[in-house]
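The structure presented is a predicted model; accordingly, all values stated were derived computationally and were not measured.
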2 protein chains.
Amino acid sequence: MSKSFLFLDTIANKVDAKGRVSLPADYRAIVKELSTEIVCYRSLTAPCIEGCTEDLLEKLASDIENSTDFFSETQDDLTNLIFGDAKKFSFDSTGRIMLTEKLLKHAEITDTAVFVGKGRKFQIWSEKNWNEEEARLREKIKLRRPSLKMEDNQ
Amino acid sequence: MSKSFLFLDTIANKVDAKGRVSLPADYRAIVKELSTEIVCYRSLTAPCIEGCTEDLLEKLASDIENSTDFFSETQDDLTNLIFGDAKKFSFDSTGRIMLTEKLLKHAEITDTAVFVGKGRKFQIWSEKNWNEEEARLREKIKLRRPSLKMEDNQ
DNA sequence: TTGATTCCCATAAATTACCATGTTATACCA
DNA sequence: TGGTATAACATGGTAATTTATGGGAATCAA
């Protein structure tokens with residue numbers, strides 16, 4: 001039986017002058033538990049950084065490899081983009097990673113990085129952009145409640 | 001055959017200055033039985049906190065991982081809202097969890113937290129909001145009853 | 001050397017673990 | 001059945017630990 005490892009919660013940590021940020025403790029625990037590494041890349045759809053474990057990217061790679069779907073060409077392209085952009089990040093003894101200029105710039109992060117859990121993945125936003133994004137999502141939900149399995153058993 | 005694990009009953013416990021609340025003993029028993037953890041998040045539809053076992057979220061994550069592609073837009077939005085808001089809560093040796101400001105504020109809880117069982121999930125309300133909600137629900141049932149009776153008599 | 005990255009130490013704040021007390025529910029016995 | 005002993009639970013307080021974060025020394029590359 002596999003232990004659960006979900007990236008959860010929303011945590012705002014400071015980015016210091018050297019570009020260092022504490023990876024949230026819970027996230028670190030996952031990395032240690034799986035003895036894997038964190039991989040980050042620019043989101044293809046939003047002004048934020050996206051991150052996951054190296055494990056997940058490996059799974060993605062083999063999924064694509066074994067796919068018999070004729071129409072997965074787009075997905076294939078997207079995957080190439082991600083792999084081309086992705087970079088491994090390891091944290092120091094105090095739990096900090098050092099994000100690159102490229103990533104920070106894409107996410108418009110200056111002094112605060114907001115980590116947002118997404119289950120198997122997570123995202124890193126600027127405070128401003130995340131506030132706007134969250135408002136947008138909540139608005140969207142109000143209009144049409146998602147028909148997720150979870151919601152079915154009320 | 002799986003053991004039954006339903007969150008039941010309505011229990012009011014005090015929230016102290018630090019935000020600590022005793023998780024009802026029956027709820028704790030479930031968590032121990034399943035060797036999982038409690039996860040809480042702001043209800044999307046009501047002024048209350050919603051809680052479930054981490055197992056349930058795990059299942060959701062797996063469903064998402066398998067059923068749809070890596071790049072689905074709708075899924076992206078949903079996972080942000082659900083996993084981004086959810087947080088794991090483990091209880092200490094005396095059975096208490098520490099709720100966050102964000103959650104308490106959303107549920108308008110100050111000094112008392114009312115745990116309401118909902119089967120696989122549960123909710124945490126302020127006394128005031130729960131009294132109103134319960135009254136509303138009972139009222140709603142009353143209105144529906146005539147039609148239920150008719151069906152019974154057939 | 002200069003600039004950048006990594007490593008290590010220090011501190012304050014937040015979180016967690018633990019101990020003690022009061023209260024309620026349960027079990028037991030006369 | 002009533003009363004009491006016992007266990008389980010809730011709750012207040014405090015000690016111990018973890019985490020975030022700032023700064024500096026050591027290391028490395030150009």
> Under a 4.0 Å heavy-atom cut-off, which of residues 15-23 of chain B touch DNA chain C?
Replying inline: B/Lys18, B/Arg20
> Closer than 4.0 Å, any side-chain N/O of A/Arg28 to the OP1 or OP2 of D/dA20?
Replying inline: yes
> Roughly how many Å is it from CD1 in B/Ile97 to P in D/dT11, rounded to a whole number?
Replying inline: 13 Å
>> In this structure, how many angstroms lie between the C1' atom of C/dT5 and the NZ atom of A/Lys88, rounded?
In response: 18 Å
> With a 4.0 Å cut-off, would you call A/Asp92 and A/Arg20 a salt bridge?
Replying inline: no
> A/Phe91 CZ to C/dC8 P: how many Å, rounded?
Replying inline: 15 Å
> Does A/Glu127 offer a backbone N or O that forms a donor-acceptor pair with the side chain of A/Asn131 under 3.5 Å?
Replying inline: yes
> D/dG13 C1' sits how many Å from B/Lys14 NZ, rounded?
Replying inline: 15 Å
>> Using whole Å, what does the distance between atom C1' of nucleotide D/dT21 and atom CD1 of A/Ile11 come to?
In response: 16 Å
>> Would the distance check show the side chain of B/Asn13 and the main-chain N or O of B/Ala113 forming a donor-acceptor pair, the cut-off being under 3.5 Å?
In response: no
> Rounded to whole angstrom units, what separation is found between the CG atom of A/Asn13 and the C1' atom of D/dG22?
Replying inline: 14 Å
>> Among C/dC19, C/dC9, D/dT19, which nucleotide has an atom closest to any side-chain atom of B/Thr94?
In response: C/dC19
>> When you group the ILVMFWY residues by side-chain heavy-atom contacts below 4.5 Å and let the links chain together, are A/Val114 and A/Phe89 in the same group?
In response: no
> Rounded to the Å, how far apart are B/Phe89 CZ and C/dT15 C1'?
Replying inline: 12 Å
>> Can you measure B/Asp92 atom CG to C/dA20 atom P for me and round it to whole angstrom units?
In response: 15 Å
>> Quick check: on DNA chain C, is the nucleotide nearest A/Met98 upstream (toward 5') of the one nearest A/Ser93, or the reverse? Name the residue that is more 5'.
In response: A/Met98
> Which of these nucleotides, D/dA10, D/dG22, C/dC19, is closest to any side-chain atom of A/Arg96?
Replying inline: D/dG22
> Should the pair B/Phe115 and B/Tyr27 be assigned to parallel (<30°), tilted (30 to 60°) or perpendicular (>60°) ring geometry?
Replying inline: perpendicular
>> Walk me through whether B/Asp77 and A/Lys140 qualify under salt bridge (Lys or Arg N to Asp or Glu O under 4.0 Å).
In response: CA-CA 9 Å; B/Asp77 289 350; A/Lys140 198 171 161 187; 2.3 Å; yes
> Where is the tightest heavy-atom contact between A/Cys48 and A/Ala107, given as atom of each residue plus distance?
Replying inline: CA-CB, 3.8 Å
